[in-house]
Amino acid sequence: MDYTLNVKGRLLDFAEPQVMGILNVTPDSFYADSRAATKQAVAERARQIIAEGGNIIDVGACSTRPDSSPVSQEEETSRLRMALRIVRQELPDAVVSVDTFRPDVACMAVEEFGADIVNDISGGSPAMYRMVSRLRVPYILTSQQPTVRDILLDFAERVQQLRDLGQQDMILDPGFGFGQTVEQNYAVLSQLEQLQVMALPVLVGVSRKSMIYKVLGVTPDEALNGTTVLNTVALSKGASVLRVHDVRQAVECVQLSNRLTVRLCSST
């Protein structure tokens with residue numbers, strides 16, 4: 001997609017898909033190897049994401065796995081302050097996304113640590129929409145609807161609400177694993193290209209999720225190969241961002257997908 005995102009005056013170009021590496025400052029994320037609870041672990045994970053070719057570091061401090069209970073806002077804020085301080089010290093020029101559904105937490109991350117993007121898996125609220133439009137940072141809008149038709153209707157309404165507030169830069173996340181059954185997840189993925197009608201970048205986050213490990217009869221620890229397969233499918237259907245635990249493998253997906261696209265275009 002020929003689309004750019006304004007990240008504090010820098011343009012993030014989606015002509016080539018971007019890879020967002022997950023950095024969880026939580027003790028209870030569903031994939032244990034994604035947890036970085038100590039200062040050293042946060043620093044190592046942040047450096048790893050960039051070293052392996054990631055374009056965005058997505059820092060989260062409140063688990064959103066199914067059946068989890070959100071920590072308090074105070075605890076989420078404390079964890080994020082620790083992590084964001086380290087990420088900024090280690091990698092001051094990195095593009096950093098903050099994964100939160102709380103407007104005041106998003107405000108803290110942007111104003112105190114210069115977070116570049118707000119990633120809100122909740123689908124948003126009027127308070128969050130007002131906050132991101134005031135902060136003037138790109139916003140990842142997630143839908144938790146079960147079908148592509150419902151997702152498109154949901155996005156159309158919410159994108160207009162954001163635009164009415166002056167929000168320009170947005171990424172759309174169809175919300176794999178949130179509010180959908182396994183079968184519904186695959187139905188959405190099979191029709192993912194239909195989201196291009198919104199003319200906004202689409203983020204796909206399927207990394208090691210239950211839609212993979214339940215089908216294969218494995219654990220999240222064993223779901224890398226399945227993740228790579230679905231990431232490749234997502235790229236073929238127009239995904240602009242892959243949100244992943246395994247950055248190097250996702251970057252390789254992008255590289256090979258790009259090579260195939262160039263080959264196909266040159267032969268037509």
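We count residues from 1, following the sequence as given. Please read all numbers here as calculations on a predicted model, not as lab measurements.
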Atom [atom1] in [X], atom [atom2] in [Y]: separation rounded to 0.5 Å?
X      : Y      : atom1 : atom2 : result
Ile57  : Ile117 : CD1   : CD1   : 11.0 Å
Gln249 : Leu242 : CD    : CG    : 12.0 Å
Met211 : Glu183 : CE    : CD    : 9.5 Å
Asp246 : Thr228 : CG    : OG1   : 7.0 Å
Ile121 : Ile140 : CD1   : CD1   : 11.5 Å
Asp169 : Leu12  : CG    : CG    : 10.0 Å

Can [Y] be reached from [X] by stepping across I, L, V, M, F, W or Y side chains whose heavy atoms are under 4.5 Å apart?
X      : Y      : result
Val137 : Leu91  : yes
Val197 : Leu200 : yes
Val215 : Leu192 : yes
Leu256 : Val244 : no
Phe101 : Ile171 : no

Please give me the minimum heavy-atom distance between [X] and [Y], naming the atom from each residue.
X      : Y      : value
Gly205 : Phe176 : O-CB, 3.8 Å
Tyr139 : Gly123 : OH-C, 4.4 Å
Pro174 : Leu203 : CD-O, 3.1 Å
Val42  : Ala83  : CG1-O, 3.9 Å
Leu80  : Gly60  : CD2-C, 4.5 Å
Gly53  : Val247 : C-CG1, 4.2 Å

- Task: Start with the C-alpha gap between Leu172 and Val159, add the side-chain angles, then the distance that decides, and say whether side chain to side chain contact (heavy atoms under 4.5 Å, CB included) holds.
- Result: CA-CA 9 Å; Leu172 304 179; Val159 165; 3.9 Å; yes
- Electrostatic pair Asp99-Arg243, nearest N-O below 4.0 angstrom: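 Result for this pair is yes, salt bridge flagged.
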- Task: Quick one: list whatever passes side-chain contact (heavy atoms from CB on, under 4.5 Å) with Glu157, sequence neighbours left out.
- Result: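 For Glu157, the residues satisfying side-chain contact (heavy atoms from CB on, under 4.5 Å) (neighbours in sequence not counted) are Gln161.
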- For residues Ser97 and Asn119, is any side-chain donor paired with an opposing acceptor at under 3.5 Å?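 Side chains of Ser97 and Asn119: no pair found under 3.5 Å.
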- Query: If we ignore angles and hydrogens, is there a donor and acceptor under 3.5 Å between the side chains of Thr219 and Glu222?
  - Reply: yes
Quick check: does any side chain N or O of [X] sit under 3.5 Å from a backbone N or O of [Y], one acting as donor and the other as acceptor?
X      : Y      : value
Ser236 : Val233 : yes
Glu111 : Ala109 : no
Asp58  : Ile22  : no
Arg88  : Phe113 : yes
Arg208 : Asp221 : yes

- Item | Positive for side chain to side chain donor-acceptor pair (under 3.5 Å) with Tyr129, one of Arg134, Gln167, Arg158 |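 Only one of Arg134, Gln167, Arg158 forms a side chain to side chain donor-acceptor pair (under 3.5 Å) with Tyr129, namely Arg158.
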- Item | Heavy atoms of other groups near Lys8 NZ, more than 12 under 6.0 Å | yes
